[in-house]
A.B. asks: 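Pasting in a structure now, in structure tokens, and then I'll have a few things to ask.
All values below come from the heavy atoms of this structure, side chains included, with hydrogens, waters and symmetry mates left out. First the proteins, then the strands, lettered A, B, ... as listed; each starts at 1.
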2 protein chains.
Amino acid sequence: MAKPLADPTVDLGLSVDRSSPVPLYFQLSQQLEAAIERGALTPGSLLGNEIELAGRLGLSRPTVRQAIQSLVDKGLLVRRRGVGTQVVHSQVKRPLELSSLYDDLEAAGQRPETRVVANTLVPAPAEAAAALGVAEGEEVHRVERLRLAHGEPVAYLCNHLPTGLLALDDERLSATGLYRLMRAAGITLHSARQSVGARAATAVEAERLGEEAGAPLLTMQRTTYDDTGRPVEFGSHTYRASRYSFEFQLLVRS
Amino acid sequence: MAKPLADPTVDLGLSVDRSSPVPLYFQLSQQLEAAIERGALTPGSLLGNEIELAGRLGLSRPTVRQAIQSLVDKGLLVRRRGVGTQVVHSQVKRPLELSSLYDDLEAAGQRPETRVVANTLVPAPAEAAAALGVAEGEEVHRVERLRLAHGEPVAYLCNHLPTGLLALDDERLSATGLYRLMRAAGITLHSARQSVGARAATAVEAERLGEEAGAPLLTMQRTTYDDTGRPVEFGSHTYRASRYSFEFQLLVRS
DNA sequence: GTCAATTGTTTGTCCGGACAAACACCCGCC
DNA sequence: GGCGGGTGTTTGTCCGGACAAACAATTGAC
């Protein structure tokens with residue numbers, strides 16, 4: 001009979017605005033996420049059952065469930081039948097996004113810079129053609145960039161893109177990341193297929209990145225798709241292993 | 001007015017079994033996924049609207065929506081208001097799972113083998129203690145293994161695990177992967193935090209893997225959490241870059 | 001004291017309906 | 001011919017309810 005929490009609605013300042021165009025379930029999930037983020041909901045604590053929560057907020061149970069489910073999908077909450085919904089007790093950050101090197105560096109406080117080495121139209125090489133789903137030799141954009149942080153080279157990025165998708169001028173390429181340009185052009189990025197490996201740097205690669213020949217490089221090849229499943233970008237990147245590593249969080253989908 | 005598909009229900013052999021304990025939405029989503037997998041639903045093709053589909057199957061719209069939504073989450077389908085639900089036209093495999101090296105090798109037809117190099121209790125080193133959330137110096141399991149494919153070394157795996165979770169005997173460790181053992185012990189793996197990088201092999205590392213000193217190695221550090229957010233494993237792995245690379249698919253969470 | 005059955009709580013699944021918002025398409029106007 | 005508005009289709013959101021399944025805790029029997 002004794003409830004572990006007095007009234008979470010009050011403590012957490014949960015409330016919804018029915019006049020807002022933001023969906024109710026989304027308002028709720030954001031508030032819950034914020035509460036978890038700032039520690040108002042401590043790891044392991046119960047959330048109170050769905051019926052009560054719905055009643056207190058003046059929402060229906062399906063709406064509350066939708067809000068909770070989205071947080072479960074993000075890995076912030078765990079539900080157990082007969083027990084309730086608990087906050088996961090781990091230092092989960094973000095469940096993994098399609099990371100942009102530029103944004104990552106910027107978020108880390110490293111001042112990212114981009115030097116455009118090449119920006120031309122070329123006949124598609126076999127590998128790029130296969131990834132982009134165009135005929136070999138068909139014209140595609142080719143962009144080669146050197147990415148720096150604090151004035152030091154971090155990565156050499158070579159990308160191929162289908163024509164007609166995007167206006168690519170050196171100025172904009174220098175100012176920001178490719179993904180931001182694509183999003184700004186109305187392309188909704190959706191998924192990507194990646195392959196991450198390592199190899200020793202060739203003399204040319206080493207010189208570009210300021211390493212010794214034979215130094216270990218982290219390599220990534222990535223094909224990115226928009227929300228219709230159309231390939232929009234194929235990238236071959238090499239990173240200085242001494243200056244960069246990939247960090248990400250995986251969720252098991254059940 | 002003209003429908004692109006005559007009656008998908010018939011063509012795809014969709015049907016649900018109400019006497020089965022398997023949830024209806026899950027039955028439907030599995031059948032749809034199978035139809036996409038085997039090409040019965042071609043990329044770009046419409047799925048027919050939700051109301052009709054529900055009517056034909058004798059299900060309610062929410063149930064059909066739940067089935068479709070799960071496939072949208074997996075990146076197999078795209079929904080557009082006023083248009084309908086389409087099959088994504090790309091060669092999407094699986095959206096990325098918490099990959100097990102053993103399972104990956106086995107699925108690729110490489111015959112994986114494991115040699116247990118060490119399997120002891122040790123005081124937790126600082127890094128492992130921090131990852132597992134235990135005090136430094138507290139006793140933890142330490143397992144070192146060499147993973148081979150076709151008799152050739154592929155990776156050197158060093159893992160730390162909390163005590164009391166799992167019975168770790170050399171025999172079982174040799175026969176299968178660590179993740180399978182954990183699942184078999186009733187641990188539900190949920191998420192993992194990974195860091196992938198590269199570095200040159202030290203003399204010791206090179207010797208273990210049959211490489212030259214200085215050869216590029218792919219490194220991974222991973223902390224795995226169960227469904228309650230409790231850390232259950234911390235691994236430091238080194239892979240022969242010449243023989244292995246990580247392949248995975250990322251989804252952008254909207 | 002220990003084990004098994006019962007009971008209560010909570011989430012899981014499913015239904016039927018209603019209205020809103022976004023998009024594609026067609027038609028009429030200019 | 002081009003453009004704008006109207007119309008219809010489809011998904012998005014939300015409601016209220018009902019029953020089933022899983023789990024924990026208590027109760028009862030041995």
A.B. asks: Considering residues at least two apart in sequence or located in another chain, which fulfil the side-chain contact (heavy atoms from CB on, under 4.5 Å) criterion with B/Ser29?
C.D. replies: B/Phe26, B/Ala67, B/Ser70, B/Leu71
A.B. asks: Please classify the nucleic acid contact of A/Arg80 as base, sugar-phosphate, or nothing, using heavy-atom distances under 4.0 Å.
C.D. replies: sugar-phosphate
A.B. asks: Rounded off to whole Å, could you give me the CG-to-P distance for the A/Leu57 and D/dC14 pair?
C.D. replies: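 That distance rounds to 13 Å.
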A.B. asks: Can you tell me how far P of C/dA24 sits from CD of B/Gln86, to the nearest Å?
C.D. replies: 10 Å
A.B. asks: Would you mind telling me which of D/dC15, C/dT11, C/dC14 lies closest to the side-chain atoms of A/Glu50?
C.D. replies: C/dT11
A.B. asks: Output all residues satisfying side-chain contact (heavy atoms from CB on, under 4.5 Å) with A/Arg142, sequence neighbours left out; order by chain, then residue number.
C.D. replies: A/Thr120, A/Val122, A/Pro125, A/Glu144, A/Cys158, A/His160
A.B. asks: Return the value, rounded to whole Å, for the distance between atom CG of B/Leu77 and atom P of D/dT11.
C.D. replies: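 Interatomic distance, CG of B/Leu77 to P of D/dT11: 11 Å.
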A.B. asks: Do any side-chain nitrogens or oxygens of B/Tyr25 fall under 4.0 Å of OP1 or OP2 in C/dT13?
C.D. replies: yes
A.B. asks: Strictly below 4.0 Å: does A/Thr85 bring a side-chain N or O up to OP1 or OP2 of C/dT11?
C.D. replies: yes
A.B. asks: With sequence neighbours excluded, what pairs up with A/Ser19 under the side-chain contact (heavy atoms from CB on, under 4.5 Å) test?
C.D. replies: A/Asp17
A.B. asks: With respect to the side chain of B/Asn49, which nucleotide from D/dG12, D/dT10, C/dT13 is positioned closest?
C.D. replies: D/dT10
A.B. asks: Could you state the atom-to-atom distance from CD of B/Gln69 to C1' of C/dC14 in whole Å?
C.D. replies: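 So the two atoms are 17 Å apart, to the nearest Å.
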A.B. asks: Work out which heavy atom in B/Thr114 is nearest to a heavy atom in B/Thr176; give both atom names and the distance.
C.D. replies: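 Scanning both residues, the minimum pair turns out to be OG1-O, 4.2 Å.
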A.B. asks: Under the salt bridge (Lys or Arg N to Asp or Glu O under 4.0 Å) rule, collect the residues that match up with A/Arg81, sequence neighbours excluded.
C.D. replies: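 Expected list: none.
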A.B. asks: Just how far, in rounded Å, is P of C/dC14 from CG of B/Leu28?
C.D. replies: 10 Å
A.B. asks: So which one's nearest nucleotide on DNA chain D is more toward 5', A/Arg18 or B/Ile51?
C.D. replies: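 The answer here is B/Ile51.
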A.B. asks: Could you work out which one of D/dC23, C/dT11, C/dC23 sits closest to the side chain of A/Val83?
C.D. replies: D/dC23
A.B. asks: Does B/Arg65 put a side-chain nitrogen or oxygen below 4.0 Å from OP1 or OP2 of D/dG12?
C.D. replies: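 Looking at the OP1 and OP2 atoms of D/dG12, one of them is under 4.0 Å from a side-chain N or O of B/Arg65.
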A.B. asks: Just jot down the ring pair (Phe, Tyr, Trp, His ring centres under 6.0 Å) partners of B/Tyr25, sequence neighbours excluded, or say none.
C.D. replies: none
A.B. asks: Roughly, in whole Å, what's the span from CG in A/Leu53 to C1' in C/dT11?
C.D. replies: 13 Å
A.B. asks: Nearest whole angstrom, please: distance from the C1' of D/dT10 to the CG of B/Leu46.
C.D. replies: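 After rounding, the gap between these two atoms is 10 Å.
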A.B. asks: For the pair made of CD in B/Gln66 and C1' in D/dG12, what is the distance, rounded to whole Å?
C.D. replies: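 Taking atom C1' of D/dG12 as the reference, CD of B/Gln66 is at 16 Å.
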A.B. asks: How long is the span from the CG atom in B/Leu132 to the OG1 atom in B/Thr163, to the nearest 0.5 Å?
C.D. replies: 10.0 Å
A.B. asks: So, does B/Thr63 get its side chain near the phosphate of C/dC15, meaning an N or O under 4.0 Å from OP1 or OP2?
C.D. replies: yes
A.B. asks: Go along nucleotides 16-21 of chain D 5' to 3' and tag each nucleotide: B for a protein heavy atom under 4.0 Å from its base, S when only backbone or sugar atoms are that close, - otherwise.
C.D. replies: B-B--B
